[in-house]
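Below is one structure, written out as structure tokens; the observations come after it.
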Amino acid sequence: MKKTFYITTPIYYPSANLHIGHALTTVMADTMSRYKKMNDYDVFFLTGSDEHGQKIERTAKENNMEPKAYVDNIVAGFKDLWENLDIEYDDFIRTTDERHKETVHYIFKKIYDQGDIYKSVYEGKYCTPCETFFTERQLVEGKCPDCGRDVETIKEESYFFKMSKYEGRLLKYIEENPDFIQPQTRKNEMINFIKQGLEDLCVSRTTFKWGIPVPIEEGHVIYVWFDALTNYISALGYGRDDKDLFEKFWPADIHLVGKDIVRFHTIIWPIILMAAELELPKKVYGHGWLLLDSGKMSKSKGNVVDPKVLIQKYGADVIRYFLLREIPAGQDGFYSEEALITRYNVDLANDYGNLVSRTVAMVLKYFDGILPEPVNIQDIDKDLQNVALEAYKKASEHIDKLDFSNGLAEIWKIVNRGNKYIDETAPWILAKNPEDKERLGTVLYNLIEAIRIVTVMIKPAMPNITAKVQEQIPYNFVDAQWNEAGVWGKIEAGTKLSKGDTLFPRIDLSSLEIEEPAAEEKPEPLVLKEEIEYGDFAKLDLRVAKILKAEKVEKADKLLKFEVELGNEIRTVVSGIAKYYKPEDLVGKKVILVANLKPAKIRGIESQGMILSASLEDDSDLEVVTINKDFPSGTTSVN
RNA sequence: GGCGGCGUAGCUCAGCUGGCUAGAGCAUACGGUUCAUACCCGUAGGGUCAGGGGUUCAAAUCCCUUCGCCGCCA
């Protein structure tokens, strides 16, 4: 029986479309999955979407949609992206799937029945936009520490999960399984966290409906982690009749996650599993973030890089290669389109693509495309072989540890050695002497063989390119197993090569319009008027005034004429804001009037003061400054 | 505030348990080559290894300290 391998990505939250950072996790998982398949593992690769929660409920409502219809739409976009990126998952679990709900019900009930879930009262501060609860201590000046908005105090009956009970067992497990949490720094953080003591976890809500109902009491909905994390076993059929997959693949070999959700995967999830008397996953790997020069990518910053645009421009292989090569294992990495193009030009076009191109061209030119037999192996040939075999070994080790960056770097040592080998053996000189024909043939054979090995090894990362190489070098790359890269001499002499398309055409960086993500606004220095003394300011008499009447000034597009109440007097004021307000909308509003401004005649009407407002520089919009509290008119507004 | 990490060439980073003139890739300059996608190969410049102190025959590597940056603390 084949060895099994179960790898997962997080299930992504469909409140918005995915960005290139999400693509990183999924590409890593897909590459690992393909690598294991090439190593003859029976692989199960799971991804999906986490579709419940108040935020979805609200966003859907804002869009006048039912939540399910709303998420259907976004999830279709997820799947489309994965298809474009050549992500070959075995299953896509949605938390709205009936099968998922069944499993969640089952596991919730099981844990409840044994007494690890109990009812109590939850009280906390909640920030709806961020969908996060905070403790009093976490708030910054009483507001949400993430977004700075107001938080709501929420007090409700909830079900709680007895996490505290499993604290010691979890700690012991982590210490006895040193590879469970990777990388090391995350592991240390988690140990630290647990040692501070675990609180019980609130696992239900009554404030929204968009979720899986708590099976034992109506009106309660299962809250986030109990629902979301369970996807890893609901997709396998746990708690239902069809649990063959569960028996075959659980425990998972790797839960691949971003570093921001390591805690949930290494504390809450294992404890849920312990309570359900299930085995724990073998490894949780928290990879780093893809940063932009302008910081972390996030929707609120508006600096999100859309992977679909990039795929269209450069192709899935290139994006995949960049992500895997550029982000160091377990660390953050930087994205910029310039870096992407540099990687592309240097590694793919110049080094690998060109190596294939020049080698195949020489076989065509000197041997009519028939791959010659290698004879009389010399030291330099041996060296090329050794570099290839050594790289195979090291690359395998790196990839086993999810270190794709170093894995690919190792593979490229063969590419570099190949280019150097051409330089040292100078086939074009050998071609001039008929008696060197055998030597020339050997050199070209060795080069093709080196290319073959490289091409086998880049297949998990770049699944498309192998098929294109196969058109030129007819070796069965498409079905190749990984260990074929660990053997020298597998390509047969006599193989007929043919000219193919340029694998990676160079991109001229200078003539390219790079669409950098909308970086944060460059803070243009404000140009202020000349500094004034307080005395200058104090001369202004700003007063609250109530608008009694408003009408358009005849024959003037811009002007409105107001009657305003200022204490006991009634004044007439003309203001150039007709473009922005209908007269009737302003009646009754309390505005700020510059009350001691010298009256001026406008269109024959005497205007006795000015109403304060703020307007955009290009005059595209304007808002009158208004007072919301019910202050009497005539009130001094500033002093 | 508590715990942890980082600071090495213009840029991104390797340098494990201390030991030859501190490395790689990119970028720059110069040279070589023409099979190839103006590509490839070679050479060179450039670092008081954040600052200070200590241990040692010997420290980027261990210890202390200062400064700066980052992560975790539901």
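Owing to the predicted nature of the structure, the values given are computational and were not obtained by experimental measurement. Per chain, numbering begins at 1; letters A, B, ... match sequence-line order. Note that these values count all heavy atoms, side chains included, but never hydrogens, waters or copies made by symmetry.
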message: Which nucleotide, if any, forms a Watson-Crick or G-U wobble pair with B/rA22, using both distances under 3.5 Å?
response: none
query: Among the nucleotides B/rG32, B/rU37, B/rU34, which one has an atom lying closest to any side-chain atom of A/W428?
result: B/rU34
- prompt: Which is true for A/P505 with a 4.0 Å heavy-atom rule: it touches a base, it touches only sugar-phosphate, or it touches nothing?
  reply: base
message: Between A/D332 (side chain only) and A/W289 (backbone N and O only), is there a donor and an acceptor less than 3.5 Å apart?
response: yes
- request: Sort out the partner of B/rU17 for me: Watson-Crick or G-U wobble, both distances under 3.5 Å, none otherwise.
  value: none
Salt bridge (Lys or Arg N to Asp or Glu O under 4.0 Å) evaluation trace for A/E410 with A/K413: CA-CA 5 Å; A/E410 206 56 53; A/K413 284 186 181 167; 3.3 Å; yes
- request: Indicate, with a heavy-atom threshold strictly under 4.0 Å, whether A/A349 touches base, sugar-phosphate, or nothing.
  value: base
- prompt: Is any NZ, NE, NH1 or NH2 atom of the basic residue among A/E397 and A/K401 found under 4.0 Å from an Asp or Glu carboxylate oxygen of the other?
  reply: no
message: From C-beta outward on A/E199, which listed nucleotide comes closest to its side chain: B/rA74, B/rC41, B/rA36?
response: B/rA74
- prompt: Whole-Å distance between B/rC72 P and A/K259 NZ?
  reply: 7 Å
- prompt: Contact class for A/L198 (heavy atom, under 4.0 Å): base, sugar-phosphate, or nothing?
  reply: base
field: Side-chain donor or acceptor of A/T359 paired with backbone N/O of A/V356 under 3.5 Å
entry: no
message: Rounding to an integer number of Å, can you tell me how far A/Y421 OH sits from B/rC41 C1'?
response: 15 Å
query: For B/rA14, does either OP1 or OP2 sit under 4.0 Å from a side-chain N or O belonging to A/Q331?
result: yes
message: Regarding A/K468 and A/D501, does a basic nitrogen lie under 4.0 Å from an acidic carboxylate oxygen?
response: no
- request: With heavy atoms under 4.0 Å as the rule, sort A/G197 into base, sugar-phosphate or nothing.
  value: base
query: Phosphate oxygens OP1/OP2 of B/rU37: is one of them under 4.0 Å from a side-chain N or O of A/N350?
result: no
task: Describe the nucleic acid contact of A/K195 in one word from base, sugar-phosphate, nothing, applying a heavy-atom distance below 4.0 Å.
output: nothing
message: Partner lookup for B/rA74, please. Criteria are Watson-Crick or G-U wobble with both distances under 3.5 angstrom; report none if nothing qualifies.
response: none
message: I want to confirm an ordering. Mapping A/F504 and A/L201 to their closest nucleotides on RNA chain B, which one lands closer to the 5' end?
response: A/F504
message: Suppose you measure atom P in B/rC20 against the same atom in B/rA36; what distance do you get, rounded to whole Å?
response: 45 Å
message: Looking at B/rU61, which nucleotide sits across from it as a Watson-Crick or G-U wobble partner, both distances under 3.5 angstrom, or is there none?
response: none
- request: Look at the side chain of A/S357 and decide which nucleotide, out of B/rA27, B/rU37, B/rC41, has an atom nearest to it.
  value: B/rU37
message: For a quick test of reading the model: is some side-chain N or O of A/R186 closer than 4.0 Å to OP1 or OP2 of B/rG5?
response: no
message: Rounded to whole Å, how long is the line connecting atom NZ of A/K420 with atom P of B/rG32?
response: 19 Å
query: Using purine N1 to pyrimidine N3 plus N6-O4 or O6-N4 for Watson-Crick, or N1-O2 and O6-N3 for G-U wobble, each under 3.5 Å, what pairs with B/rU48?
result: none
- prompt: B/rG31 pairs with which nucleotide, Watson-Crick or G-U wobble, both distances below 3.5 Å?
  reply: B/rC41
- request: For the pair A/H19 and A/H22, name the ring-plane relationship: parallel under 30°, tilted 30 to 60°, perpendicular over 60°.
  value: tilted
- request: Round to the nearest Å and state the distance from A/E189 atom CD to B/rC6 atom C1'.
  value: 13 Å
Base partner of B/rG7, which must satisfy Watson-Crick or wobble distances under 3.5 Å: B/rC67
query: Using atom P of each nucleotide, how far apart are B/rG32 and B/rU21 to the nearest Å?
result: 34 Å
message: Please report the distance, rounded to the nearest Å, between CD1 in A/I271 and P in B/rA74.
response: 15 Å
- prompt: Looking across every strand, which nucleic acid part, if any, lies under 4.0 Å from A/R263 by heavy atom: base, sugar-phosphate, or nothing?
  reply: sugar-phosphate
- prompt: Looking across every strand, which nucleic acid part, if any, lies under 4.0 Å from A/T185 by heavy atom: base, sugar-phosphate, or nothing?
  reply: nothing
Candidate nucleotides B/rA27, B/rC35, B/rC73, ranked by approach to the side chain of A/M362 - the nearest: B/rC35
task: Assess whether ring-ring contact (aromatic ring centres under 6.0 Å, His included) is satisfied between A/W412 and A/Y321, documenting all intermediate values.
output: CA-CA 12 Å; A/W412 250 255; A/Y321 177 79; 5.1 Å; yes
- line: Whole-Å distance, A/N419 CG to B/rU33 C1', equals 13 Å
query: 5'-most contact on RNA chain B: A/E424 or A/N192, nearest heavy atom basis?
result: A/N192
task: Take the protein atom CD of A/Q196 and the nucleotide atom C1' of B/rG4, then report the distance between them rounded to whole Å.
output: 12 Å
query: Nearest-Å distance, CH2 (A/W289) to C1' (B/rC70)?
result: 11 Å
- prompt: Is the shortest side-chain N to carboxylate O distance from A/D368 to A/K496 below 4.0 Å?
  reply: no
query: Base, sugar-phosphate, or nothing for A/D351, non-hydrogen atoms under 4.0 angstrom?
result: sugar-phosphate
